[in-house]
Amino acid sequence: MDGAPRSNDATTEGPFLRFGLSGIALLYLALFLVLPLVAVFVEAFAKGFGPFLAAITEPDALSAVKLTLIVAAISVPMNLVFGVAAAWAIAKYEFWGKSFLITLIDLPFSVSPVISGLVYVLLFGAQGLLGPWLQEHDIKIIFAVPGIVLATIFVTFPFIARELIPLMQEQGTSEEEAALSLGASGWQTFWRVTLPNIRWGLLYGVLLCNARAMGEFGAVSVVSGHVRGLTNTMPLHVEILYNEYNFTASFAVASLLALLALVTLVLKSVLEWRYGDEIAASARH
Amino acid sequence: MSWSTARLRQPSVIPGFRLTLGFSLAYLFLIVLIPLGALLLKAGELGIGGILDIAVDRRVLAALKLSFGASLVAALINGVFGLMLAWVLVRYRFPGKKIVDAIVDLPFALPTAVAGITLATLYAKNGWVGSLFGPQTWVGSLFGPKGLMIAYTPLGVIMALTFVGLPFVVRTVQPVLADFDAETEEAAASLGASRLSTFIRVIFPALLPALTTGFALAFARAVGEYGSVIFIAGNIPMVSEIAPLLIVTKLEEYNYAGAAAIAVVMLAISFVLLLVINLLQRWNQARMRA
Amino acid sequence: MVDTHQGNRHPQGRSLAGAIRRLASVLTLGAAVATAPLLAARADTTLLNVSYDPTRELYKEFNEAFVAHYKAETGETLTIQASHGGSGKQARSVIDGLEADVVTLALASDIDAIADKGLIAPDWQKRLADNSSPYTSTIVFLVRKGNPKGIKDWSDLVADGVEVITPNPKTSGGARWNYLAAWAYALKHNGGDEAKAKEFVGQLYTHVPVLDTGARGSTTTFVQRGIGDVLLAWENEAFLALKELGPGEFEIVVPSLSILAEPPVTVVDKVVDKRGTRKQAEAYLNYLYSKEGQELAAKWFYRPRDPEVAAKYKDVFPKVELVTIDDAAFGGWRKAQATHFGDGGIFDQIYKPK
């Protein structure tokens, strides 16, 4: 995203304004973003490295990490398949009600996480619409892994689709049409033409989707049941430790999540650095 | 798009329309629409009148006002500073720029509960930032004898929502600004326009659609936010109680229909907002193609 | 817009596609393998105790003690799982299908709510001794060192400039006991005048700057964030906060009158009958009434019911005049819940704009 620095005086600002603007913008970033991030790590290591290590290797913490990984490992690929299919349908064809469809796909994004959890309780809870049937057949959705996965899928639903739709719309259909006219099958066209074109946008979407999937708190909290060592994800474990006055351990687990956020950002930056142009196009919402 | 054809879609040689649209719709229905339908059904138990009664209850109104008002303020803050940050990131060179650019996405990736606990730690009156505004400090004394309370007031809510929505404006404005044609600017300058008037008359109008989109996204995201706000809001009814908390409160009363009703009201507002965003984006695309 | 991707046919495209396919299969397999033990974890005899926030430390220790005791007694190895959260939220989870073998909640009305859905027999509170509450607690004040605001009793809470920290009674069980204790005090000092009591309690809540959703949140606000002059707390929470968070930084003040808080326990009939765990679940609850159980309760600052154990710890727990929820002023939890905390009840009226 490196715009070429302008040398022309007419199209840039004076040095004072430049420094002023940079100063204010960076201060804003520092105040709202860097400070909280630093605080997480300071609190996590407040009692030294030993307690930090103990907090993240304790069995309950490990099972929380494991559950979080499982949930992300299921929900991200599902949203990936959906994202690609939806972007294909929306970008490659013109059909009636498309804007409406895009809005529906975006909807989970602005639904309060509390509501995201609530809807599944209303549907699958013992008092919910399907509750009695599920209980008869001894199928557990709410307060078990499937419920947590569903809530996570709901919350991260638009992430990959939203990344891919504008990208594929911009790329148009000419390359695919060319491949088809040369006799390639639909799947071949997809794997060899479309996928290579969208892969960086795809990866970017996957990264963000994954980060959000691992970090979701509100929705998961409603459907988890909070059984220690069984249905606690990492963000819920952070809250539990916090509520046990175990602040250092709480921030230690939180710092793992923050670290995940940072790794995500680093990966993303590496992608941007190596494939700047392609990614720039994908960032165009 | 030609509306004269009676067909629901334009013909295309590319295969897979049925497969992809069918799958997308099925998935959409299963994951999003059917569960939301259950919500509507539950709220429907109260009838339209019942839902409206809840929506205009003064405490619910106050909470909705706080949720939407604080989100608006937060989105405005992000609009102004996000634009500035995008400008600095695209136009200027400075050491560590790559890191700064990367860190903008942090609120996307940082779990909301972690953000909430951390923000409360920072902005409470004995926190790193909060203590700067205490009554003992000169900054704090500007705000009266008790200093300025950030955490546990509507101000705390705004801080948390600003954090949550920060990346949106930057990320929507950045690419448009990077693409912006320097020739237009040079032309304006050569015609004698000052830097300020070039910005106001030439650059800003071009950025406006992206800015609006980013603003609306930040706003929509903030309205529903729960995890990060709940730790810092104070939760006093009529003062610092957000709408999602009222939903939780109704649930604690085993009043599922009441909770669903507030959820439906929020959902309806969000849906309208998103529809507007997407129309804006279409308009934006049409403009950029032109 | 100009297509920036013309002729952008990277040879890696194919291998990337393959990599994604391989990755997908690995992920699916990994998920399946990893989920299996999680789902199977409840196959052997486990009990799930769904409890409220402040009992975390007590049940952590009690569960270990009970597992050892039950093994010695029957040779059977049990696993006890625990879930903690706000009492109302926990009750709701059980109603919505969380398979709790036993519930140990903050107040009877939360268990009543579960019983109303047919999961527990209506007469549950008579099944175990002492209203099915093996331990009790009360509401006390936690103030900062030296008690700078000179807080001695409920009436001091509404003095000018005093900030009171208590959670929201709508979302926290402990907060309901706080509220009712204040109500009982106001009634007593106004000759049973309900309007005066309402005024006092209303005034009290104008002194509350932060209404957290749970008791633990309020303690953190008071202790860690340094907000407020007095925290209304469970006695056991106040002792725990002293022990864990700041010995010497806070003091406990016992008001002239408080309420006998009875956190009840019971077996969830529908669940234990389905899972065949009634025997173990009942043994678990009975063990709470044993000398060992009572000792542990006392250790974690709950007032034991057992007279012998109570005598042993009598110096720990201050003497205080206690009203009970079944007194005429309240008429039991069902009535108190509806009058004070129901939708549009007295607590809601406090925050109604005039």
Side-chain angles (χ1 to χ4, degrees), chain A residues 1 3 5 10-11 13 18 21-22 25 28 32-33 36 39-40 82 85-86 88-89 92-96 99 102-104 106 108 110-115 119-120 122-123 129 153-154 173 176-177 180 186 208 211 215 217-218 235 238-239 242 254 257-258 261 264-265 269 280 283-285, chain B residues 1 8-10 12-17 20-21 23-24 27 31-32 35-36 38-39 42 81 84-85 88 90-93 102-103 105-106 108-114 117-119 121-122 162-163 166 172 174-175 178 182 185-186 189 195 220 224 226-227 244 247-248 263 270 274-275 278:
Chain A
M1 237 154 267
T11 56
E13 292 76 40
R18 221 158 51 202
L21 277 178
S22 308
Y28 157 78
F32 279 97
L33 286 189
V40 171
F82 164 74
W88 183 275
K92 304 293 179 197
Y93 309 97
E94 280 302 330
F95 56 92
W96 184 84
S99 260
I102 297 178
T103 304
L104 285 180
D106 275 348
S110 71
V111 169
S112 177
V114 177
I115 303 178
V119 291
Y120 290 108
L122 292 179
L123 201 58
L129 292 175
I153 292 181
F154 185 99
T173 55
E176 282 83 4
E177 279 162 22
L180 287 167
L208 285 184
F217 171 76
V238 170
E239 194 212 13
Y242 191 76
L257 285 162
T264 306
L265 299 183
S269 302
R284 204 161 294 139
H285 286 280
Chain B
M1 199 186 303
L8 286 183
R9 78 172 168 103
Q10 309 253 305
S12 165
V13 295
I14 295 175
F17 178 73
T20 53
L21 189 70
F23 175 76
S24 301
Y27 192 75
I31 300 289
V32 179
L36 287 180
L39 184 76
K42 195 74 199 173
F81 290 98
M84 215 183 265
L85 192 59
V88 169
V90 173
R91 293 288 173 103
Y92 306 151
R93 260 190 184 166
I103 220 165
D105 278 335
L106 183 73
F108 278 149
L110 196 68
T112 53
V114 175
I117 292 172
T118 313
L119 290 174
T121 311
L122 282 175
T162 307
F163 174 85
L166 190 141
T172 46
Q174 222 174 4
E185 257 176 274
E186 278 158 15
R195 191 66 194 136
Y226 180 74
I247 298 179
V248 173
S270 300
L274 276 175
L275 203 61
N278 284 323

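Every chain is numbered from 1 and lettered A, B, ... according to where its sequence line falls, protein lines coming before strand lines.
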Report task. Between chain B and each of A/Ser22, A/Gly218, A/Pro113, A/Pro108, count heavy-atom pairs under 4.5 Å; write down the option with the most. Result -> A/Ser22

Requested in this report: Heavy-atom distances under 4.5 Å only: say whether B/Leu39 touches chain A with side chain, backbone, both or neither.
Outcome: both

Query raised in the report: Would you call B/Ile31 and A/Phe82 a side-chain contact if the rule is heavy atoms closer than 4.5 Å?
Result: no

**Report entry** B/Phe81 side chain reached by A/Phe32 side chain, heavy atoms, under 4.5 Å
**Finding:** no

Query raised in the report: For chain A, which of B/Thr162, B/Thr118, B/Thr112, B/Thr20 has the most heavy-atom pairs under 4.5 Å?
Result: B/Thr20

Query raised in the report: What part of A/Pro36 gets closer than 4.5 Å to chain B, counting heavy atoms only: side chain, backbone, both or neither?
Result: both

Query - Heavy-atom proximity to chain B below 4.5 Å, by part of A/Ile102 - result: both

Report summary line: On a heavy-atom basis, the closest approach of A/Leu129 and B/Ala38 is CD1-CB, 3.9 Å

**Report entry** Which atoms of B/Leu122 approach chain A - backbone, side chain, both or neither, heavy atom under 4.5 Å
**Finding:** side chain

Query raised in the report: For B/Thr121, is it the side chain, the backbone, both or neither that has a heavy atom under 4.5 Å from a heavy atom of chain A?
Result: side chain

Query raised in the report: Partners of A/Thr103 by side-chain hydrogen bond (donor to acceptor under 3.5 Å, both in side chains), sequence neighbours excluded?
Result: B/Asn278

**Report entry** When A/Asp106, A/Ile115, A/Leu123, A/Leu33 are compared by non-hydrogen pairs under 4.5 Å with chain B, the top option
**Finding:** A/Leu33

**Report entry** Pairs of heavy atoms under 4.5 Å with chain B: top-ranked of A/Ala85, A/Ala25, A/Ala89
**Finding:** A/Ala85

**Report entry** Closest non-hydrogen atom pair between A/Phe154 and B/Val32, with its separation
**Finding:** CE1-CA, 3.9 Å

Query raised in the report: Highest number of heavy-atom pairs under 4.5 Å with chain A: which of B/Ile247, B/Leu166, B/Leu119?
Result: B/Leu166

Query raised in the report: Which residues satisfy the side-chain contact (heavy atoms from CB on, under 4.5 Å) test with B/Ile14, sequence neighbours excluded?
Result: A/Trp88, A/Lys92, A/Tyr93, A/Thr173, A/Glu176, A/Glu177, A/Leu180, B/Ser12

